[in-house]
Asks: 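One structure coming up, written as structure tokens, with questions to follow.
All heavy atoms count here, side chains included; hydrogens, waters and symmetry mates do not. Below, chain A is the first sequence line, B the second, and so on; all start at residue 1.
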Amino acid sequence: MAIEVRIPTILRTYTDGQKAVEGSGNTLAELFTDLESRHAGIQARIVDGDQLRRFVNVYLNDEDVRFLDGINTKLSDGDNVTILPAVAGGSAAAEPRPTGVGGRATGGHALIGR
Amino acid sequence: MRAVSYHPSVRDGPLLILTTMLTITQALYDQIVAHARKDHPDEACGVVAGPAGSDRPERFIAMLNAAMSPTFYEFDSGDLLKLYRELDDRDEEPVVIYHSHTATEAYPSRTDISYANEPGAHYVLVSTADTDGLGDFQFRSFRIVDGVVTEEEVRVVETY
């Protein structure tokens with residue numbers, strides 16, 4: 001059962017630069033497990049536990065799967081799946097000064113370009 | 001790509017060493033600013049598309065902020081799919097991804113950094129926090145790659 005999966009730029013490091021790959025599965029969850037077998041690392045970028053990541057959009061034949069059955073959405077031969085990371089962000093002004101990588105950057109005073 | 005040394009007066013930190021630059025027309029700059037002002041106090045967002053590989057912003061596309069929030073923005077998921085299909089069909093890419101901060105400075109927040117998924121894009125931030133005309137309207141541009149923020153110079157031109 002062949003499903004065409006369109007891969008966003010940010011995840012093409014897992015597909016040798018290919019914009020689309022083929023996969024198989026009866027559900028989206030199975031499809032992502034199948035992709036993982038050939039493109040190690042990709043699954044964790046799309047799935048968190050047993051759910052789709054909040055800021056990754058997955059479309060089945062142009063419909064956001066959140067309006068279908070999420071990661072349990074059933075697939076049929078010839079379906080097209082598109083993965084697109086959300087374009088999102090914002091000031092989140094109420095958050096305290098964070099730590100870690102983002103924190104260093106948000107602090108902003110020690111930036112060195114590369 | 002040209003290396004540029006630049007010391008912005010708005011920060012007291014050490015010298016910023018910039019390795020990239022955003023070149024944008026005055027008309028596009030004005031459209032981004034106008035959109036940010038119109039949607040204030042909610043955050044405004046959108047892209048400026050350009051031919052793939054050109055690094056030249058050409059086509060202004062204002063997007064709906066599905067979050068309709070003063071502290072968060074997110075492209076509507078259906079609009080996002082249409083946008084990327086259209087860019088693909090026209091052999092374009094999002095050269096600029098812009099949004100506004102409406103109560104804080106034009107600098108990427110932790111949220112901005114964690115959701116930045118276009119390493120090739122110029123992330124433009126504008127701030128509408130100062131709307132009384134006393135301070136400069138902030139318009140700044142950044143690269144955000146693997147969680148690392150690099151500010152870049154903005155060069156505004158009449159035409160390319």
Side-chain angles (χ1 to χ4, degrees), chain A residues 4 6-14 17 19-20 42 45-46 48 52-68 70 80-114, chain B residues 3 11-20 43 45 47 63 65-67 69-75 77-78 80-85 88 93-94 97 99-105 107-120 123 127 143-152:
Chain A
E4 190 202 41
R6 295 179 71 155
I7 307 292
T9 314
I10 191 91
L11 296 185
R12 287 179 199 157
T13 48
Y14 300 102
K19 291 171 83 166
I42 201 168
R45 300 293 300 271
I46 306 166
D48 182 17
L52 290 172
R53 287 191 174 275
R54 162 70 181 86
F55 290 102
V56 176
N57 296 320
V58 178
Y59 307 86
L60 170 62
N61 303 327
D62 295 358
E63 175 121 32
D64 187 334
V65 301
R66 288 197 178 80
F67 302 117
L68 301 171
N80 287 287
V81 169
T82 302
I83 302 164
L84 279 180
V87 179
S91 61
E95 285 191 71
R97 177 67 50 94
T99 55
V101 172
R104 188 189 66 212
T106 308
H109 291 278
L111 282 179
I112 302 294
R114 40 175 214 177
Chain B
R11 290 201 155 268
D12 296 319
L15 181 70
L16 295 179
I17 299 163
L18 305 181
T19 53
T20 62
E43 294 194 2
C45 56
V47 306
M63 300 293 291
N65 177 4
S69 158
T71 56
F72 196 74
Y73 80 94
E74 181 174 6
F75 290 8
S77 79
L80 179 73
L81 179 66
K82 274 189 223 124
L83 172 70
Y84 273 78
R85 281 285 153 77
D88 220 29
E93 57 193 11
I97 298 174
H99 77 281
S100 61
H101 284 177
T102 59
T104 56
E105 68 172 328
Y107 192 85
S109 67
R110 181 169 63 166
T111 319
D112 293 333
I113 296 161
S114 24
Y115 303 136
N117 276 310
E118 289 288 356
Y123 281 89
S127 173
R143 296 288 189 168
I144 308 177
V145 182
D146 294 333
V148 177
V149 175
T150 308
E151 184 159 17
E152 57 185 6

Asks: Let's test your reading of the structure: which of B/Tyr84, B/Phe72, B/Tyr73 forms the most heavy-atom pairs below 4.5 Å with chain A?
Replies: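 Answer, by heavy-atom pair count under 4.5 Å with chain A: B/Tyr73.
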Asks: Please report the shortest heavy-atom distance between A/Ala86 and B/Glu74, naming the atom on each side.
Replies: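 Looks like CB-OE2, 3.8 Å.
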Asks: For the residue pair B/Thr111 and A/Gly90, what are the closest heavy atoms and their distance?
Replies: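 Between these two residues, the closest heavy atoms are CB-O, 3.6 Å.
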Asks: Given that the side chain runs from C-beta out, which part of B/Pro70 has a heavy atom under 4.5 Å from chain A: side chain, backbone, both or neither?
Replies: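 Answer is backbone: N, CA, C or O of B/Pro70 sit under 4.5 Å from chain A.
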Asks: Using 0.5 Å steps for rounding, measure from the CG atom of A/Asp64 to the OG atom of B/Ser77.
Replies: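 So the CG of A/Asp64 and the OG of B/Ser77 are separated by 3.5 Å.
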Asks: Taking side chain as everything from C-beta outward and backbone as N, CA, C, O, which of these in A/Arg6 sits under 4.5 Å from a heavy atom of chain B? Side chain, backbone, both or neither.
Replies: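 For A/Arg6, side-chain heavy atoms alone lie under 4.5 Å from chain B.
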Asks: Counting heavy-atom pairs under 4.5 Å to chain A, which of B/His101, B/His99, B/Glu93 comes out on top?
Replies: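 Of the options given, most contacts go to B/His101.
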Asks: In sequence, state the C-alpha distance, the side-chain angles, and the governing distance for A/Asp62 and B/Arg85, and then conclude on side chain to side chain contact (heavy atoms under 4.5 Å, CB included).
Replies: CA-CA 10 Å; A/Asp62 295 358; B/Arg85 281 285 153 77; 2.6 Å; yes
Asks: Sort B/Leu81 into side chain, backbone, both or neither according to what part of it lies under 4.5 angstrom from a heavy atom of chain A.
Replies: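 Contact with chain A: backbone and side chain both.
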Asks: With a 4.5 angstrom heavy-atom cut-off, could you sort out which part of B/Asp88 is near chain A: side chain, backbone, both or neither?
Replies: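 Only the side chain of B/Asp88 comes within 4.5 Å of chain A.
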Asks: Can you confirm whether A/Ser91 sits close enough to B/Thr102 that some side-chain heavy atom of one is under 4.5 Å from a side-chain heavy atom of the other?
Replies: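 Contact flag for A/Ser91/B/Thr102 side chains = no.
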Asks: Quick one: closest heavy-atom pair of B/Leu80 and A/Val87, and the distance?
Replies: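 Of all heavy-atom pairs spanning B/Leu80 and A/Val87, the closest is CD1-CG2, 3.6 Å.
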